*Asks:* 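Right, I'll just put the structure down here and ask away after.
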Amino acid sequence: MSGQNSFGNRGNRDASVVNTKGMGTIDGTRRSGPVGEGRAGDPFLIGEAMTGGYGKGADILHDCTISVEKGQIAVIVGPNGAGKSTAMKAIFGMLNLRQGSVRLNGQDITALNPQDRVKAGMGFVPQVNNIFPSMTVEENLEMGAFIRNDDIRQTMQQVYDLFPAVAEKRRQAAGELSGGQRQQVAVGRALMTQPQVLMLDEPTAGVSPIVMDELFDRIIAIARGGLPVLMVEQNAQQAMNIADKAYVLVQGANAHTGTGAELMANDEVRRTFLGG
Amino acid sequence: MDILNALVVFLNFVFIPAAAYGAQLALGALGVTLIYGILRFSNFAHGDTMAFGTAVVILVTWGLQSMGVSLGPLPTALLALPFGIAATAALVLATDRAVYRFYRVKKAAPIILVMASVGVMFVMNGLTRLLIGVSEYRFDDGARFIINVRDFREWSGLPEGLALRSTQALTLVVAVIVVAALFWFLNRTKSGKAMRAYSDNEDLALLSGIDPERVVRLTWIIAASLATIAGTLYGLDKSFKAFNYFQILLPIFAAAIVGGLGSPLGAIAGGFLVAFSEVAVTYPWVKVVGYLAPGYEPGGLMQLLGTEYKFAVSFVILIVVLLFRPTGLFRGKSV
Amino acid sequence: MSNTRQSAGYSAWRAPILFAVLAILFVLEGTVRNSMFSGSWNTSLAILNMGLLSAITALGVNMQWGYAGLFNVGVVGFLALGGLAPVLVSLPPVENAWQAGGSRLLAALAVGVGVLAIAKLVWTRTRSGLAITAILIAGFVAYRYLFDPAVIAIEANNPSRHGNIGGLGLPVLLSWLVGGLFAAVAAWAIGKVALGLRSDYLAIATLGIGEIIVAVMKNEDWLARGVKNITSIPRPVAYEVDLQNNPDFVGFAQSWGFQAAEASGIWVKLSYMTLFLVVLLVLILLAELALKSPWGRMMRAIRDNETAAEAMGKDVTRRHLQVFILGSAVIGIAGAMMVTLDGLLTPTSYNPLRYTFLIWVMVIVGGSGNNWGAVLGAVTIWFLWIKVEVWGPALIGLLTAAMPDGPLKLHLLDSAPHMRFIAMGLVLLLVLRFAPRGLLPEK
């Protein structure tokens, strides 16, 4: 990190000169490469044989494959440090893949940067910092639709229909909402681009069980509406209950793959990940 | 008790000067707070940016005057303002490209940008000195007064006079227009909302398709415009001297922090709070008190502090606000 | 670990080489006369002496910034406050000033401090804003009641020559310590307020206190005659005139081939240089010892990972306050030394660009966190600051030589001395860009 910050931690405590809130981590200057052809018989979205890590660091993913079909929910589960979030970020273009490819809807998008993947149809909800806290709920949704130049009112209404609780607070600053409602705003923001696939990084982290159930209900509703959902989940049991397809990752590699029900029935998976 | 005369004295010596000064501080503080919110550092070069912009305005004003162009009762500087804004915007954009962008791309800690802004401050200070020198200039022309003391006395029949200088009125009118335009821009337009979004959460803004470089360019242009306008109004109202623009950095920073760094509304409130306190604390109240309490003969001037200590006032307000409300009056991003 | 060894070997030679280059520059300044250098040892030593004082100042800033990451932009204030000490300590007492209002003045200051202390006490006990306001207003009235007549009396005392309270007539060297003490007290007060909040507001607070201290010195005539300046502050070294009248010295100078006038100037400057070097080396020694002590290790641990240090039960704010006070004291010492070197106190000369931000350029160019770096940066930058004022016009003269005479050429020649600001800014920006850890990086 010394190259990034030659002064170490000096001065970063002094709020009268520096503002560290909301600083970015994604390199926005990386340019996209060309979009290639997809392969016949591909699932709707597939990250295939992905190997890579952050920056010049060691590989975190090893030959990892994740895919999701239309109208389905796919979940990525696994122990802490298994590379679940990393796998999702790899699909979203936030780390360097040394091998493997990402293909969406008949196109090879491996060379695209995250911004352009959003334009290609990916809706991504980060685990934290996934809203604009000082902006109102409505403005959050508007910002979600920033790349659209058509009329967004209909989409916004759909989001409000999906999340009636936040619809009531559309003029309130998103940062003032409860944790569950913030997650709803975050998901709603991602939906505003009318994505072809929705990717959620631990959407239920830090929310109460009741809120979690409600959020899962909404996610199921989204998937049944035809929008494929790819989700990383800490709560493996609940996640597998709603999953059409589940991936258990261990140390950055696929350990078990199957439908939620299959994996729940698998003794080894139950023993190691579901606590018996 | 003579409330009317007391009021006239108060308006003449406290309210009007403080309102004009407050508007100038508010415009300066808005620039500082925007850069703090978007570029995430306190720009020590802001005072010198103001000085540079004003210097260009003065040079263009002289050029226009020598060509015989004037705005009638309004100062010619208003006509020169767009040139000053354009030159200053070009300068800060070039500075950003040459200096700040490098660190932004590297995601360097904001403190390095603060240091870099000190370097930029030196360079801009030198540029301004090269451009116009270190002397003091007055460059207001056109009508000096909207209300002058004699007319007011004749009209009202009061012994106390009231003067409203045209530069003071102009300051307030321009400030209101600029602030209204800025708030409309930030709250109603897509680009303005993109700026706020970027300030809130850079990564999410990027993922929403907002072009960070465009947001940064916009911010610099707005900050340069605000700085040039604030500097020109300040110079019209008082006079132009490059060093004074460096000194005004303290009340401007104080205003921005008191209001809550990163909050445009706070910058305006902070600007007026600092200005009114400065004027009120350093004004000799003996005359006002004399009218309100005719029998009372205070020994001194009833001046809390000498005018030399006006900087102390912004400082004390700053400390008091921070002690009781660490995030500033309008909850900035500072904590 | 070949990498580490390489970088260590690199830096082992780096410092001596850079210091040697700097020394050569000063020798050139002293011996070669051309458009670049003056060829006068008097000029060379004058630059060096002020460079050494800048080095001490930079050392103080480097303690705050390098050890603890504190951003002090009120250096000018602490320097000015330190500069007050020689006046109050070493000037002879002013006749009748104390009788005129001395005791009343002291009472006023005591009331002022007492009121603040009571207010603080009441606030911690009751948290009542109303009570505080009442105490402060009553205190302010009492303070002004005592203070104003005292000041008027003192300032009325022989105003053309004095009008100030005068000094204590003690040795001027003692005032250097007192200058440090003054700055330390101010730093304690300001640090107590600005460092204890939820996050720091030290930069803006120091910016403010710097302005205020300078404003006080400009306007409080009773203290140091304000803008009327104080002259003839006693010296710790010999006077040129005495040396020139001393036959032994004249003979000694001639044996070296110098005129008595020139030699006396050089002698005085060398004496100052020796004094300054002793102070500088003692301070560096203390700073290095402190840095290697458990206290220094803790300071660095806090700076590198505040959260971890806090979790281990270290009182970060308290440590920061300590180092802020120590650094400010060093700056105060430098301020006292500056006034002693000049022999006069001119409050109007305390310009933040020169006395705060130029010091920062020195620290960053030298190397944040490295004491020797601060010294190197300070002397180098000071040399440049002085010489660019000469080189700038020479350069512009060269560039405009071909231009026809006219207002533009005149303007360019006139404004050429301002080039030093641009030059200093560019030096800082280039160092930040290409060697952000400075000429001598911290190990």
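Worth saying up front: this structure is predicted, and the values here are computed from it rather than measured.
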*Asks:* Which bit of B:Phe102 comes within less than 4.5 Å of chain C, counting heavy atoms only: side chain, backbone, both or neither?
*Replies:* side chain
*Asks:* Do you know which of C:Val216, C:Leu430, C:Val361, C:Leu358 has the most heavy-atom pairs under 4.5 Å to chain B?
*Replies:* C:Val216
*Asks:* Given heavy-atom pairs under 4.5 angstrom as the criterion, report whether the side chain, backbone, both or neither of C:Leu428 touches chain B.
*Replies:* side chain
*Asks:* For residues C:Phe421 and B:Met124, determine if any side-chain heavy atom of one lies less than 4.5 Å from a side-chain heavy atom of the other.
*Replies:* no
*Asks:* For C:Ile204 versus B:Leu250, what's the shortest heavy-atom pair and its separation?
*Replies:* CD1-CD1, 4.0 Å
*Asks:* So which part of B:Leu318 gets closer than 4.5 Å to some heavy atom of chain C, the side chain, the backbone, both or neither?
*Replies:* side chain
*Asks:* Hey, what do you get for CG (C:Asn351) to CD (B:Gln247), rounding to the nearest 0.5 Å?
*Replies:* 8.5 Å
*Asks:* Heavy-atom distances under 4.5 Å only: say whether C:Ile209 touches chain B with side chain, backbone, both or neither.
*Replies:* both
*Asks:* Would you say that more than 12 heavy atoms from the other residues, nucleotides or ligands in this model lie under 6.0 Å from the NZ of B:Lys310, or not?
*Replies:* no
*Asks:* Using non-hydrogen atoms and a 4.5 Å limit, figure out which bit of B:Val120 sits close to chain C: side chain, backbone, both or neither.
*Replies:* both
*Asks:* Would you mind telling me which of C:Arg144, C:Met424, C:Met419 has the largest number of heavy-atom pairs within less than 4.5 Å of chain B?
*Replies:* C:Arg144
*Asks:* If I compare all heavy atoms of B:Glu308 with all of C:Ala215, which pair ends up nearest, and what's the gap?
*Replies:* O-CB, 3.9 Å
*Asks:* Is C:Ile190 in contact with chain B via its backbone, its side chain, both, or neither, using a 4.5 Å heavy-atom distance?
*Replies:* side chain
*Asks:* Please determine, among C:Ile364, C:Ile422, C:Val73, C:Ile212, the option with the most heavy-atom pairs under 4.5 Å with chain B.
*Replies:* C:Ile422
*Asks:* Sort by residue number and list every member of residues 126-136 of chain B having a non-hydrogen atom under 4.5 Å from chain C.
*Replies:* B:Gly126, B:Leu127, B:Arg129, B:Leu130, B:Leu131, B:Val134
*Asks:* Looking only at heavy atoms and a cut-off of under 4.5 Å, which of B:Tyr309, B:Phe311, B:Phe246 has the most pairs with chain C?
*Replies:* B:Tyr309
*Asks:* Mind ranking C:Glu211, C:Lys218, C:Arg420 by heavy-atom pairs under 4.5 Å with chain B and telling me who comes out on top?
*Replies:* C:Glu211
*Asks:* Below 4.5 Å from any heavy atom of chain C, which atoms of B:Met121 appear? Answer side chain, backbone, both or neither.
*Replies:* side chain
*Asks:* Of the backbone (N, CA, C, O) and the side chain (C-beta and beyond), which part of C:Val427 lies under 4.5 Å from a heavy atom of chain B, both, or neither?
*Replies:* neither
*Asks:* Which atoms of C:Val431 come close to chain B, meaning under 4.5 Å heavy atom to heavy atom: side chain ones, backbone ones, both, or neither?
*Replies:* neither
*Asks:* Checking B:Phe122 against chain C: side chain, backbone, both or neither under 4.5 Å from a heavy atom?
*Replies:* both
*Asks:* I need the C:Asn219 CG to B:Thr307 OG1 distance, nearest 0.5 Å.
*Replies:* 8.0 Å
